There are 2 protein chains.
Amino acid sequence: MEYFQELKATKIFDFASEFDCQAMMFCFKTKFKTFDKNENIITQGNRIEDIILILKGGGIVENIDILGNISIVMQLKKGDVYGVESAYAGDEFYKDSVIATEKTLVLFMNKHRLINPCENRCKRHDFVVKNLMRLVAESNLKLLDKLTHLSKKSTREKLLSYLGLMSERAKSDYFEIPFNITELANYLSVDRSAMSNELSKMKKEGLIDYDKRQFHIFNNKIKY
Amino acid sequence: MEYFQELKATKIFDFASEFDCQAMMFCFKTKFKTFDKNENIITQGNRIEDIILILKGGGIVENIDILGNISIVMQLKKGDVYGVESAYAGDEFYKDSVIATEKTLVLFMNKHRLINPCENRCKRHDFVVKNLMRLVAESNLKLLDKLTHLSKKSTREKLLSYLGLMSERAKSDYFEIPFNITELANYLSVDRSAMSNELSKMKKEGLIDYDKRQFHIFNNKIKY
DNA sequence: ATAAATTTGTTGTAAAAACAACACTTTTTA
DNA sequence: TAAAAAGTGTTGTTTTTACAACAAATTTAT
């Protein structure tokens with residue numbers, strides 16, 4: 001079966017045999033399609049017919065609001081899906097556009113076929129739904145974390161909220177972050193130079209130490 | 001059956017007959033429990049055994065971070081669930097505490113029973129999972145909206161992002177928001193008085209008009 | 001290995017936000 | 001309906017942030 005390796009590598013179809021995949025491709029009325037760089041994979045405002053899964057390449061999710069402002073909502077890479085939340089929430093139209101940032105192979109899955117359990121109640125369907133649910137659940141938790149940081153008023157508080165969580169995750173005062181400084185500023189929605197400045201101050205005050213992506217947080221110094 | 005009316009009123013069990021409910025209560029190993037005001041329904045750090053559904057009353061989701069800061073993550077009211085994302089994401093421990101803010105009736109549903117499809121692959125289970133998925137999907141979309149607003153740097157941009165979306169939803173330049181001014185400031189994580197001030201300025205500049213929760217946005221004046 | 005591109009830290013300045021205080025209005029409650 | 005509580009708009013002050021500009025360091029590409 002064509003593209004079986006690509007399907008198997010995703011979190012959605014990782015459980016499935018080639019036979020399973022073949023069956024599901026029929027069941028979900030799938031279509032494979034390749035897009036060139038800068039091509040629209042999904043267009044904002046169009047009626048939701050499919051959920052997409054990126055099999056190769058990547059893209060960006062772009063939103064244009066009522067005032068005409070364009071903003072990048074997120075990036076999509078191999079294994080990522082788009083449209084699941086909107087489909088399950090019952091939205092009628094895509095709320096964003098998805099644009100390929102390189103040559104990209106996309107799997108389209110029919111929304112109705114996916115959302116409504118098969119007539120024959122196949123076990124495969126259950127697995128896919130469970131995997132989709134896990135993806136959406138994980139996304140939810142990530143968004144909540146980010147919101148926690150962004151809700152803080154000052155840059156220092158945002159940083160401490162983020163670094164504190166990273167430390168907690170690592171179960172250590174020493175940990176590595178998945179961003180460089182520029183990316184971190186972008187993630188926390190603060191000015192890079194201002195944030196860099198704030199980090200320096202915190203280092204001087206002995207609250208934290210860092211080099212590149214390696215951080216050391218002195219939790220004892222932060223609170224009594 | 002006790003509490004059937006309460007179950008029927010939720011988005012999770014709205015489809016179910018009394019017979020269905022009874023069957024599911026057994027299937028999901030449910031427990032009903034009433035909590036007094038200020039009692040802990042769920043304790044942060046405890047092992048995740050159950051997902052909860054609020055049937056009467058309400059509570060708050062509270063998080064204590066590694067630095068000792070306490071923050072209210074969200075409010076729970078009748079029909080809301082807590083723990084679904086963590087359970088599906090495979091977390092081991094509750095990441096927050098849930099505390100009753102009044103006398104509250106709670107349904108506990110066993111995580112494993114809920115996540116893993118029944119042996120007998122009952123149709124009811126599918127409905128519940130689909131309803132849970134819809135809830136999580138909707139939550140996801142709400143969080144994304146909020147993040148869009150909070151990502152803006154200035155108060156004015158945050159306001160325009162929020163009001164623009166509300167206007168889009170209402171398909172009109174005239175719309176009503178679900179917050180009062182204090183609540184809106186809280187939602188957007190900005191100082192109330194500063195935001196009130198900014199709203200006044202925007203009104204003076206002719207960008208918007210408002211009274212209480214009624215807003216009128218002059219989209220044509222905002223660009224150019 | 002060298003050049004080019006990107007990332008980073010620092011500084012000063014202008015703009016914006018938080019904060020605090022207070023009078024006034026609206027809503028809730030007894 | 002009166003009193004209490006909660007919400008709102010305004011102002012001035014202080015703190016913080018964004019922004020811009022630039023040199024130094026690091027990474028990437030050739």
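Source: prediction; values computed, not measured. The analysis underlying the following values was restricted to heavy atoms, covering all of them including side chains, and did not include hydrogens, waters or symmetry mates.
Heavy atoms of B:Ser196 sit under 4.0 angstrom from at least one base atom.
Counting 5' to 3', DNA chain D first comes under 4.0 angstrom of a heavy atom of chain A and last does so at the ends given by D:dT17 to D:dT27.
By the side-chain contact (heavy atoms from CB on, under 4.5 Å) test, B:Ser151 is found to be paired with A:Leu150, A:Ser189, residues two or more places apart in sequence or in another chain being considered. Take A:Phe93 and apply the ring pair (Phe, Tyr, Trp, His ring centres under 6.0 Å) test, not counting sequence neighbours, and it matches no residue. By the side chain to side chain donor-acceptor pair (under 3.5 Å) test, B:Ser17 pairs with B:Asp20, sequence neighbours left out. Every residue was checked against the ring pair (Phe, Tyr, Trp, His ring centres under 6.0 Å) condition with B:Phe4, not counting sequence neighbours, and none meets it. For the side chain to side chain donor-acceptor pair (under 3.5 Å) test, residues two or more places apart in sequence or in another chain that qualify with A:Glu92 are A:Arg47.
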Going by atom type alone, with no hydrogens or angles, which donor-acceptor pairs under 3.5 Å involve a side-chain atom of residues 131-141 of chain A and a protein atom two or more places apart or on another chain?
residue: A:Asn131; atom: OD1; partner: A:Arg134; partner atom: NH1; Å: 3.4
residue: A:Asn131; atom: ND2; partner: A:Lys11; partner atom: O; Å: 3.1
residue: A:Asn131; atom: ND2; partner: A:Ile12; partner atom: O; Å: 2.9
residue: A:Ser139; atom: OG; partner: B:Asn140; partner atom: OD1; Å: 3.2
residue: A:Ser139; atom: OG; partner: B:Asn140; partner atom: ND2; Å: 3.3
residue: A:Asn140; atom: OD1; partner: B:Ser139; partner atom: OG; Å: 3.2
residue: A:Asn140; atom: ND2; partner: B:Val136; partner atom: O; Å: 3.1
residue: A:Asn140; atom: ND2; partner: B:Ser139; partner atom: OG; Å: 3.3

Which donor-acceptor pairs under 3.5 Å do side chains of residues 178-188 of chain B form with protein atoms, sequence neighbours excluded?
residue: B:Asn180; atom: OD1; partner: B:Thr182; partner atom: N; Å: 3.1
residue: B:Asn180; atom: OD1; partner: B:Glu183; partner atom: N; Å: 2.8
residue: B:Glu183; atom: OE1; partner: B:Asn180; partner atom: N; Å: 3.0

Got a list of side-chain donor-acceptor pairs under 3.5 Å for residues 165-172 of chain A, not counting sequence neighbours?
residue: A:Ser167; atom: OG; partner: A:Ser172; partner atom: O; Å: 2.8
residue: A:Arg169; atom: NH2; partner: A:Asp145; partner atom: OD2; Å: 2.9
residue: A:Ser172; atom: OG; partner: A:Tyr174; partner atom: N; Å: 2.9
residue: A:Ser172; atom: OG; partner: A:Tyr174; partner atom: O; Å: 3.0

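Applying the side-chain hydrogen bond (donor to acceptor under 3.5 Å, both in side chains) test to residues at least two apart or on different chains, the pairs with a partner in residues 70-86 of chain A are A:Tyr82-A:Asp96.
We find that A:Glu176 and A:Arg213 are not joined by a salt bridge, their nearest charged nitrogen and carboxylate oxygen being 4.0 Å or further apart.
As a whole-Å value, the separation of A:Lys203 NZ from C:dT8 P is 13 Å.
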Anything under 3.5 Å between a protein N or O and an N or O of nucleotides 16-26 of chain C, put it in a table, one pair a line.
residue: C:dA17; atom: OP1; partner: B:Thr155; partner atom: N; Å: 2.4
residue: C:dA17; atom: OP1; partner: B:Thr155; partner atom: OG1; Å: 3.1
residue: C:dA18; atom: OP2; partner: B:Asp191; partner atom: N; Å: 3.1
residue: C:dA20; atom: N6; partner: B:Ser193; partner atom: OG; Å: 3.1

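Between its two ends, the helix from C:dA1-D:dT30 to C:dA30-D:dT1 turns its axis by 70°, counting five pairs per end and rounding to 10 degrees.
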